[in-house]
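Just so you know, ligand 1 is whichever comes first in the structure, and atom 1 is the first atom listed for that ligand.
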Amino acid sequence: MTRRRRIYEGKAKVLFEGPEPGTLVQYFKDDATAFNNQKKGVITGKGVLNNRISEYLMSRLSEIGVPTHFMRRLNMREQLVREVEIIPIEVVVRNVAAGSLSRRFGIPEGTPLPRSIIEYYYKSDELNDPMVSEEHITAFGWAAPQDLDDMVALSLRVNDYLSGLFLGIGLKLVDFKLEFGRLWENEEMRIVLADEISPDNCRLWDVKTNEKLDKDRFRQDLGRVEEAYQEVARRLGILPEGGPSDVKGPKTIQ
Ligand code: TMP
């Protein structure tokens, strides 16, 4: 890593000052945490894979008109992104019961939900990311009602598109978490997708076996964690098997 100004260090990524004003370099670490930092570990090669997976998914979403902070991948662990003002809300979209929803309501993991459910969490390590309602978000000024409308509309588009994309490679998109930021261009403000989309913040299950191919393998000590991330990248056709020239498109499973 070169000596650049470090803007922010999170649990899985570091943000550095970018080469031009209004840009940042997003560096992906191998560090993994769960349960708000209570469980810590390293998933070897995760940073490299998440950099690629997030590049791929953000690029596809951009092609269908979802605005994102992603500009381009720079190297194995870094991507160039637009500097945005992060909205301190995690938007979780759920299609199938799992994780905290299953625990909260006693619904067995794997139960399909009658419709996609959106939840909001306030990003605060000290408070352990509490779940909040639209009322809290607008009353406390974390996002304006119009911002929230945009975030919901974008989250549902992301869910529709990614559910289909993953189904095409034999994976069920159980749930995922998105983050958004404000991007100013001249006097105009737009809400754009930020952070990353990877097996760190999605639940992905094999369609046929329900095998978990995401960070739950780390959270629940299921083993074969690295292999799960590799498998997702392989199915997306972005795991360079014979070197960097061997990067293909996704293999559709019939
Ligand atoms: P949950 O069931 O633990 O609430 O998680 C829902 C989804 O959100 C799951 O795909 C994992 C993701 N997630 C994050 O990306 N970051 C977090 O801090 C948490 C709690 C969940």
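Of the possible donor and acceptor atoms, none in the side chain of Arg60 sits under 3.5 Å from a partner among the backbone N and O of Glu55.
A donor-acceptor pair shorter than 3.5 Å can be found between the side chains of Asn95 and Asn159. Side-chain N/O atoms of Thr44 and Asp30 include no donor and acceptor closer than 3.5 Å. Counting only N and O atoms by type, the side chains of Tyr120 and Glu134 include a donor and acceptor under 3.5 Å apart.
Within ligand 1, counting atoms from 1 as listed, the ones closer than 4.0 Å to a heavy atom of Gly99 are 2 (O). Per-residue contacts place Arg203 under 4.0 angstrom from the following atoms of ligand 1 (heavy atoms of the residue considered): 1 (P), 2 (O), 3 (O), 5 (O), 6 (C), 9 (C), 10 (O). Set against the non-hydrogen atoms of Arg219, the atoms of ligand 1 under 4.0 Å away are 11 (C). Atoms of ligand 1 lying under 4.0 Å from at least one heavy atom of Phe176, given by number and element, are 10 (O).
For CZ of Arg104, the number of neighbouring non-hydrogen atoms (other residues, nucleotides, ligands) closer than 6.0 Å is greater than 12.
Close N/O approach between Arg94 and ligand 1 is found [any backbone or side-chain N/O within under 3.5 Å].
Distance remark: protein heavy atom not present below 4.0 angstrom from atom 19 (C) of ligand 1. Counting only heavy atoms, the protein gets under 4.0 Å from atom 7 (C) of ligand 1.
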Q: Could you please spell out the steps behind the side-chain hydrogen bond (donor to acceptor under 3.5 Å, both in side chains) verdict for Tyr229 and Asp200?
A: CA-CA 9 Å; Tyr229 284 70; Asp200 267 13; 2.5 Å; yes
